[in-house]
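Below: one structure, written as structure tokens.
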Amino acid sequence: MSRPSNTGPSQRQLRVAEEVRHALAALFTRGEFRDPALAGQHITVTEVRASPDLRHMTAFLSNLGRDVTPEQFAALRRAGAYIRAEVARAVRLKYAPEMHFQPDTA
């Protein structure tokens, strides 16, 4: 049975996105980044949205109530493979999701 496109995310998308949010939050709390733009920063994961096939996750980030700087987003892209591996280790999925990062504008 096919889902109409305007019904919003499925329960599985919501559940997996929340697990990924917890995994990212734990990763940022540990702060095991070699990049100086990320070392010692208090990055908060406010929300994660999953694509319908669960292969792409978009994480919305803030830096203790402030905006995450463009340098920090560049550092997150550079650390993408490490972040993807850590999320895959924490959340058991068939495929390790590709991580995308956006500023939290709420």
Side-chain angles (χ1 to χ4, degrees):
M1 179 177 209
S2 177
R3 293 174 50 92
S5 62
N6 61 353
T7 61
S10 69
Q11 286 297 314
R12 183 158 193 251
Q13 281 175 275
L14 294 172
R15 181 178 49 81
V16 170
E18 187 64 15
E19 287 183 37
V20 170
R21 187 183 73 78
H22 284 283
L24 285 172
L27 179 64
F28 289 131
T29 300
R30 288 193 311 263
E32 299 171 345
F33 295 102
R34 293 183 184 146
D35 197 310
L38 296 176
Q41 297 298 314
H42 300 285
I43 296 176
T44 304
V45 183
T46 56
E47 181 184 0
V48 173
R49 293 183 188 160
S51 67
D53 63 0
L54 303 177
R55 290 187 184 216
H56 296 272
M57 303 281 169
T58 302
F60 294 88
L61 309 174
S62 70
N63 191 357
L64 273 180
R66 297 186 308 261
D67 290 338
V68 179
T69 65
E71 294 81 18
Q72 290 171 325
F73 278 113
L76 287 167
R77 281 191 295 278
R78 288 191 300 270
Y82 170 74
I83 293 170
R84 184 178 185 182
E86 291 297 312
V87 167
R89 190 173 291 121
V91 181
R92 305 299 296 170
L93 294 170
K94 187 173 184 178
Y95 300 99
E98 186 72 34
M99 301 301 304
H100 306 280
F101 299 102
Q102 296 290 324
D104 182 20
T105 57

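Residue numbers run from 1 in the order of the sequence given.
R84 places a side-chain N or O within 3.5 Å of a backbone atom of A96 that can act as its donor or acceptor partner. No donor-acceptor pair closer than 3.5 Å links the side chain of T58 to the backbone N or O of H100. The backbone N or O of D104 lies less than 3.5 Å from no partner atom in the side chain of S62, so there is not a single donor-acceptor pair.
A salt bridge does not link R15 with E18: every distance from a Lys NZ or Arg NE/NH1/NH2 to an Asp or Glu carboxylate oxygen is 4.0 Å or more. Using a cut-off of 4.0 Å between Lys/Arg side-chain N and Asp/Glu carboxylate O, E47 and R21 are scored as not salt-bridged.
Atom CZ of R78 and atom CD1 of I83 lie 11.0 Å apart (nearest 0.5 Å). The distance from the CG atom of D53 to the NZ atom of K94 is 11.5 Å, given to the nearest 0.5 Å. Distance CE/M99 to CD/E86: 12.0 Å, rounded to 0.5 Å. Taking CG of L76 as the start and CG of L24 as the end, the distance is 9.5 Å to the nearest 0.5 Å. The structure places OG1 of T44 at 15.0 Å from CZ of F60, a figure rounded to the nearest 0.5 Å. With rounding to the nearest 0.5 Å, the separation of CZ in R49 from CD in Q102 is 9.5 Å.
Between F33 and A39, the shortest heavy-atom distance links the atoms O-CB, 4.0 Å. Nearest heavy-atom pair across N63 and H42 is OD1-O, 3.1 Å. In plain terms, the two heavy atoms of P9 and Q13 that are nearest each other are CA-OE1, 3.4 Å.
V16 is connected to F101 through a chain of hydrophobic side-chain contacts under 4.5 Å among Ile, Leu, Val, Met, Phe, Trp and Tyr, so both are in one cluster. No continuous path of ILVMFWY side-chain contacts below 4.5 Å connects L14 to L93, so the two sit in separate hydrophobic clusters.
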Taking it one step at a time, do Q72 and L61 satisfy side-chain contact (heavy atoms from CB on, under 4.5 Å)? CA-CA 11 Å; Q72 290 171 325; L61 309 174; over 6 Å; no
Under the side-chain contact (heavy atoms from CB on, under 4.5 Å) criterion, do Y95 and L54 qualify, and how do the steps go? CA-CA 8 Å; Y95 300 99; L54 303 177; over 6 Å; no
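In this structure the side chain of V68 never reaches within 4.5 angstrom of the side chain of Q41, judged on heavy atoms.
More than 12 heavy atoms of other residues, nucleotides or ligands sit less than 6.0 Å from atom CZ of R30.
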